[in-house]
2 protein chains.
Amino acid sequence: MPRTPRQPRAKATVNAIVEAGFLSLSEHGVQGTTTRHIADLAGVSVGSLYEYFANKEEVFEAMHHHMVAEVVAMVEPMTPALVKMEIRDLIKELLFGFRDLLEKNHGRYLRYMSYAAYFAPRNHMEPIQRLLMNLLLQYVIHNPRLARLGNLPAMGYIMINGGVFTVLRYLSEPNPTIGFEELVKGLGDMVAHFVEGELRKEG
Amino acid sequence: MPRTPRQPRAKATVNAIVEAGFLSLSEHGVQGTTTRHIADLAGVSVGSLYEYFANKEEVFEAMHHHMVAEVVAMVEPMTPALVKMEIRDLIKELLFGFRDLLEKNHGRYLRYMSYAAYFAPRNHMEPIQRLLMNLLLQYVIHNPRLARLGNLPAMGYIMINGGVFTVLRYLSEPNPTIGFEELVKGLGDMVAHFVEGELRKEG
DNA sequence: GCGGGAATCCGAATTGAATCCGAACAAACA
DNA sequence: TGTTTGTTCGGATTCAATTCGGATTCCCGC
């Protein structure tokens, strides 16, 4: 039964462990990430790790929360500006921001994501999906001509997954066959054409 | 150094191990899948497992090849018929086939896929991506009006990843918010509008 | 159908990582 | 200062992955 850190010193320990988790994952992958390793990188002993985390898995979960929080912290302040943009610009802005976040600190989050993304037991990506679905709704509200679009949930699901996860996959590839700009442009075109096509159909 | 099975008995053993791998993964997840477990399910001893596989990872790799081979075996015979279809029908046909394959045998392949990123971080989807890229090329050859489309690699990359991975993700979700038919229809519309939009732009 | 070498199979022993635990150390507080 | 509570430590334990030497079965020439 892990303990909750009360004193600042303990909070620092917990934080150091989570940071070390990202580091170790980046350096050694999932298999190579041992508790001893994490503890060493964090500058604490294994015992301390187990004071705050029931097992290694919980360290990964804490890392996950950390990362989700960062994504939210990135997207939420952007939202008011995003909803006023053209679709293609919105996508460009969002995806470049996303890439920068993922590549920050030598790709720590990216490394984590590429392991967690398909790792399906519990919907790891659900909060991010919800965040983006909310952005989509805001966008529709600010652009009433889109209100005619039918089946927003399905469209959103496809655009969000198709978009975010394609980018995630792209960034994880060792030597991609296309450039990131091309990818972003293509995704922008795809979504824009989709919306236009649907509007044409509905109208 | 693992040995290659020569006698039929040994081939059966190897096969049983791979099968047991899928079973164990379905039943116990990645963490719960131990070599002892796989060996037990396969009805052989741990020692035998290590006769043919250098380590547990190699068992997963064999499973992977098995699955990729099945996907190829599904798509290749369909190709001549697919290239003659409307885009929306092609997608419907392909994705329903894909779903059926993944859900065959109580979702063994699906389970495997959703864990695959865990142990196969190196381009595990590359062969499937290539297969589908080839299908796309065939399609363009049979539908010359599409030849005007610019930047086929990028379009293909987006459609294939956006499509396949969205479906994969969808099928792994415990309680999806939309129906599979909706998803497939949406993806079909998306691709169709994309192509039409691009053609309009190019023309 | 018999004998010997190769192939196959086995499972106890080894190894190393994850996890637990009780003693030592530090902080809070009276 | 003494006591209580929080924190850290690292050796001891447990359990899964992998190894190894020997037993068993198959194959083929006689």
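A quick note: this is a predicted structure, and the numbers were derived from the prediction, not measured. A note on names: the letters A, B, ... follow the listed sequences, proteins ahead of strands, and every chain is numbered from 1.
- Comparing C:dA7, C:dC9, D:dA17 by their closest approach to the side chain of B:Arg6 singles out C:dA7.
- Salt bridge present: B:Lys104 and B:Glu70 bring a charged side-chain N and a carboxylate O closer than 4.0 Å.
- Between A:Lys185 and A:Asp189, at least one side-chain N (NZ, or NE/NH1/NH2) sits under 4.0 Å from a carboxylate O, which counts as a salt bridge.
- Between the side chain of A:Ser24 and the backbone N or O of A:Ala20 there is no donor-acceptor pair closer than 3.5 Å.
- In this structure, A:Tyr112 and A:Phe22 have perpendicular ring planes: the angle between them is above 60°, well past the 30° mark.
- Atom CD1 of B:Ile38 and atom C1' of C:dC9 are 18 Å apart (whole Å).
- Heavy-atom distances under 4.0 Å link DNA chain C to B:Val44, B:Ser45, B:Gly47, B:Ser48 of residues 39-49 of chain B, given in residue order.
- Proximity of a side-chain donor or acceptor of B:Glu182 to a complementary backbone N or O of B:Gly179 within less than 3.5 Å is detected.
- Residue B:Thr13 places at least one side-chain N or O closer than 4.0 Å to OP1 or OP2 of C:dC9.
- Expressed to the nearest 0.5 Å, how far CZ of B:Phe60 lies from CD1 of B:Ile38 amounts to 5.5 Å.
- Defining each end axis of the helix from C:dG1-D:dC30 to C:dA30-D:dT1 as the rotation carrying four pairs' C1' atoms onto the next four, with five pairs an end, the two axes are found to diverge by 10° to 10 degrees.
- B:Phe53 comes within 4.0 angstrom of nothing in the nucleic acid, heavy atoms only.
- Of the N and O atoms on the side chains of B:Glu198 and A:His193, at least one donor lies less than 3.5 Å from an acceptor on the other residue.
- Under the 4.5 Å side-chain criterion, counting only non-hydrogen atoms from C-beta, A:Val184 is in contact with A:Phe96.
- Counting only N and O atoms by type, the side chains of B:Glu58 and B:Tyr50 include no donor and acceptor under 3.5 Å apart.
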Detail all sub-3.5 Å separations between protein N/O atoms and N/O atoms belonging to nucleotides 21-30 of chain D.
none

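- For B:Arg36 and A:Thr33, each mapped to the nucleotide of DNA chain C holding its nearest heavy atom, the one lying further toward the 5' end belongs to B:Arg36.
- Between the CZ atom of B:Phe60 and the C1' atom of D:dA17 there is a distance of 12 Å, rounded to whole Å.
- Looking at A:Ile17 and A:Thr13, their side chains come closer than 4.5 Å, going by heavy atoms from C-beta outward.
- The interatomic distance linking A:Tyr52 (OH) with C:dT19 (C1') rounds to 17 Å, in whole Å.
- The nearest whole Å value for the distance from the NZ atom in A:Lys56 to the C1' atom in D:dA16 is 12 Å.
- Side-chain atoms of A:Tyr50 lie closest to C:dA18 of the nucleotides C:dC9, D:dA17, C:dA18.
- More than 12 non-hydrogen atoms from other residues, nucleotides or ligands lie less than 6.0 angstrom from CD of A:Glu19.
- Atoms NZ (A:Lys11) and C1' (D:dT8) sit 18 Å apart, rounded to a whole Å.
- Taking the side chain of B:Thr34 as heavy atoms from C-beta on, and the options D:dT8, D:dA16, D:dT18, the nearest nucleotide is D:dA16.
- Taking the six-membered ring for Trp and thresholds of 30 and 60 degrees, A:Tyr170 and A:Phe180 have ring planes inclined between 30 and 60 degrees apart.
- Side-chain proximity of B:Arg3 to the nucleotides D:dT7, C:dA7, D:dT18 is greatest for C:dA7.
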